[in-house]
Amino acid sequence: MTLFETLRMPVLAERMSRVKESPSSRVADRVRAFQAAGREVLPLTIGEPDFDTPDHVKDAAIAAIRAGETKYTSANGTPALRKAIISRLRRKTGQSYGAEEMCLGGGAKQLIFLAFVATLDEGDEVIVPAPYWVSYPDMVTVNGGRPVIVGTTAAEGYKLTPGRLREAITDRTKWVVLNTPNNPTGAVYGEEELRGLADVLRAHPHVSVLCDEIYDEINFGARPVPSAVTVAPDLRERVFLVNGVSKAYAMTGWRIGYGAGAASLCGAIGTLQSQSSSCPSSVSQAAAVAALDGGREFIDRTVRIYTERRDLLVAGLGEIDGLRPTVPQGGFYVWTDASALMGAVTPSGVTLASDAELAEHFLETSGVVVITGDSYGFPGHFRASFALSSDTIREAVAGLAHSVSLLRR
Ligand SMILES: Cc1ncc(COP(=O)(O)O)c(C=O)c1O
């Protein structure tokens, strides 16, 4: 690179040193490199439904295009979408949200990011229970906040307890992030557990809760999944609910998410939205209306299929000596304790000492790709997706069994 070219390059802001590439993208690069070398891989890394978007949703999008619904909309969406979201929120939480208490984003991910942009001042703390969705800590740090990672245990179902929450709160705490059902563990907070956390929050009025409920429709227990706002309606102003159509309706590429909470927060997010992307795609908004208003047939059918796959993967992993899978209550991932394999020796003489080495051993010996626990702030474990066909799951389980059998322990 010439000096002239260097001088023309924009100098990146200091904040860029606080954000790293998502681990899933890194794994995807590794998989592509493997495939380019002609090797077959079995990616258990998939973070999106393998189903196609339902036809009635696609039809609604096509009709919107034909009807000329291809212009900017208000930052918080078309009246039809706002109505559909408000009815969905009412069905789920029993709460009536006004249009000014909701906001729209290009996916739930963007809304979480914007919520932190809107609220975090330098040094503000955000409590993030681990294992956590990979993006939360980076979203906090890039916006000047400090993620306070609070460990959970298998015995506690990988859920934040009132005691641990109380201990983690300081004068600088702005948010606690609750993700239910959880990615990566599949944990779902029950009503009693949410009540316990709400009791702690009542004593700390400066703390708000960001409830990421993006997997709430993919759940294997009682429905709907309990929400913080349902068990503690008095805290409604301090609960920011985040959801979207990506996972429930197999619409990850359409990029529609929504949030509900205090009017001041939703208004601030709307302002940020209007100054950054103006609004999410008008065509995707029409599709989201069809999804949210379109009945439960798709969700019921896919949850039945996910249930079979979950059982297949959990049973298969459970039979491999050294792996301890957790039965997920929601989402489409199986969180597996692989700590018993640490210290084992691979055929090439590597003594497994890190998650990266374990993942590399799986990849090299059976082509199976998993996302390891360190990405979720919880080493010694891995996440395996079951958003895959049953045949692929069977093949991957056989592959993992083979890889583990090669280890000297
Ligand atoms: C826990 C969690 N929250 C939010 C998202 C983002 O969802 P969206 O596609 O609506 O941005 C994901 C996607 O993987 C997720 O796992």
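When a ligand or atom number is given, it counts from 1 through the structure's own listing order.
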Which atoms form the tightest heavy-atom contact between Arg255 and Ser246, and what is the distance?
-> NH1-OG, 3.5 Å
Is Lys83 paired with Asp293 through a side-chain N to carboxylate O contact shorter than 4.0 Å?
-> no
Pairing of Arg88 and Asp216 as salt bridge, 4.0 angstrom limit = yes
Does Glu217 come within less than 4.0 Å of Lys92, counting only side-chain N to carboxylate O?
-> no
Mutual orientation of the aromatic rings belonging to Trp335 and His381 [parallel < 30°, tilted 30-60°, perpendicular > 60°] | parallel
Tell me, which residues have any heavy atom less than 4.0 Å from some atom of ligand 1?
-> Gly107, Ala108, Lys109, Trp133, Tyr136, Asn179, Asn183, Asp212, Ile214, Tyr215, Ser246, Lys247, Arg255
Residues in salt bridge (Lys or Arg N to Asp or Glu O under 4.0 Å) contact with Asp199, at least two apart in sequence or another chain | Arg202
